[in-house]
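Computed over heavy atoms, backbone and side chain alike; hydrogens, waters and symmetry mates excluded. Chain letters run A, B, ... following the sequence lines, proteins first, then strands; residues in each count from 1. Quick caveat, the model's predicted, so the values are computed rather than measured.
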2 protein chains.
Amino acid sequence: MVYRRTPKIQARMDSQRAAILDAAVELLATRGYAGCSVAAVAEGAGVATGSVYRHFGNKAELVVELFRQLVTREVEAVERAAQRPGSAGERVVAVVDTFAARALKAPRLAYALLAEPVDAPVEAERIVFRRAFRDVVAARIGEGVRDGTLPPQEAALTAAAVVGAVAEVMIGPLTSGGEDAVGELSTFTLRALGVPHAGNP
Amino acid sequence: MVYRRTPKIQARMDSQRAAILDAAVELLATRGYAGCSVAAVAEGAGVATGSVYRHFGNKAELVVELFRQLVTREVEAVERAAQRPGSAGERVVAVVDTFAARALKAPRLAYALLAEPVDAPVEAERIVFRRAFRDVVAARIGEGVRDGTLPPQEAALTAAAVVGAVAEVMIGPLTSGGEDAVGELSTFTLRALGVPHAGNP
DNA sequence: ACAAGTAGTGAACCACCATTCACACCTTGA
DNA sequence: TCAAGGTGTGAATGGTGGTTCACTACTTGT
């Protein structure tokens, strides 16, 4: 006879699953992906390592869900920024500023999401993130080209370049992009888009 | 009594060391960093795995030298491009074009050098590469700002952004930047630098 | 020619981490 | 209350790759 799972047990399982994911988020933000062994996550969640496998078939499933959760949150933030009123160029800058601000607030997490060495399944999720970010920017560029506020250009390529530029400046190993970098980055972005008189006195 | 090493033995040791490094280069270019286990390198070089340790104290020493060798070659190429006659903007574009052409020629190697998940000592060498590339670009931007052909800007930041943009477009996971991307990238670069009338009809 | 030092070998060893699983304890149903 | 199903545990297991090392064969010096 198969036992049903009572609401109390279900609630406990759900709570445990959430605790596991929360612990993974915390570890990713403080120790990066390299700190996210199953053992470390289990400890952070206050459960046995074997218990992690009750909720996730293997580590890949856990970290893929971890990244999806975080990526979804980041993408929503930049999408909200892209919805603000203003010209196409201004909205792209809003996206850039949003990303930069978030990277400044949680630099380790930003690095983990975009550049840190990770396993293959996670790399795939990372592509999703970069692609989503690029697409948000590309859509605005496309609008700017159509309404004539931006010069003709390959929107997807420009957007990819902007994504790369922002990532390099804010999280790349070359700089510890600080608050002052954000303003410069905005100017760079406007120029790169071809906004008339951007950064050209 | 300690034996001296005869010229013949020294030559053989040198030849073996070179074969090991050559094998590592080949593996990096065909299978990426993940394919560069000590066992694989040894096999490619036609020696026993234990023999690798006669030349390199550990794997880190081997791969650091591997990356240094390759990075030096790449940096020399972009430095040559930067020495060409022309305005500051034109020289930055020459650097960008050179990098792009080399990435098109050996995409897997380019990815390994700039973005593929690697071990920490290699990550440090990668920083050297990006920094060198950025510095070459920043020096030209600085000249352009001084001679008035480029608008005032944070040369280092712009250069980092350009490095990031180029890397994302040519080797990033979002695009398989092809030949047509190179021209667009040049236009993007000129605009980003603030070259008057660049991409602005 | 012989003794001793050195180079080459590849299997054994070690470290690390993901996953499994036997056992203990809790929960469910009658 | 008891039997049987379900959950939690953490040590054992297995896989992977870096490194070591006992042994063999070659090299050097007399």
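Of the charged side-chain nitrogens involved, none lies within less than 4.0 Å of a carboxylate oxygen, so that B/R126 and B/E116 do not count as a salt-bridged pair. With salt bridges taken as basic N to acidic carboxylate O contacts below 4.0 Å, one links B/E65 and B/R17.
The distance between atom CG of A/L62 and atom C1' of C/dT19, rounded to the nearest whole Å, is 13 Å. Straight-line distance from the OH atom of B/Y53 to the C1' atom of C/dA12: 14 Å, rounded to whole Å.
The stretch residues 1-12 of chain B participates, sequence neighbours left out, in these side-chain hydrogen bond (donor to acceptor under 3.5 Å, both in side chains) pairs: B/R5-B/Q10, B/Q10-B/D14.
At least one donor-acceptor pair closer than 3.5 Å links the side chain of A/R130 to the backbone N or O of A/L114. Checked by atom type and distance alone, the side chain of A/T187 pairs as donor or acceptor with a backbone atom of A/G183 at under 3.5 Å.
Atom CD of B/Q83 sits about 6.5 Å away from atom CZ of B/R91, to the nearest 0.5 Å.
With the nearest nucleotide of DNA chain C identified for both A/P7 and A/G50, A/G50 has the one nearer the 5' end. Residue B/S51 is the one, among B/S51 and B/Y3, whose nearest nucleotide of DNA chain D lies closer to the 5' end (criterion: closest heavy atom).
From the 5' end on, the contacts that DNA chain D makes with chain A at under 4.0 Å to a non-hydrogen atom open and close at D/dA3 to D/dA11.
A sub-4.0 Å separation between OP1 or OP2 of C/dT6 and a side-chain N or O of B/R54 is absent. For C/dT6, the OP1/OP2 oxygens have no side-chain nitrogen or oxygen of B/R5 closer than 4.0 Å.
Here the side chains of B/F99 and B/M170 are in contact, with some heavy-atom distance below 4.5 Å.
Residues from residues 8-43 of chain A placing a heavy atom under 4.0 Å of any atom in DNA chain D, listed by number, are A/R12, A/M13, A/Q16.
For the pair B/K59 and B/Y33, the cation-pi criterion (under 6.0 Å, within 45° of the ring axis) is fulfilled.
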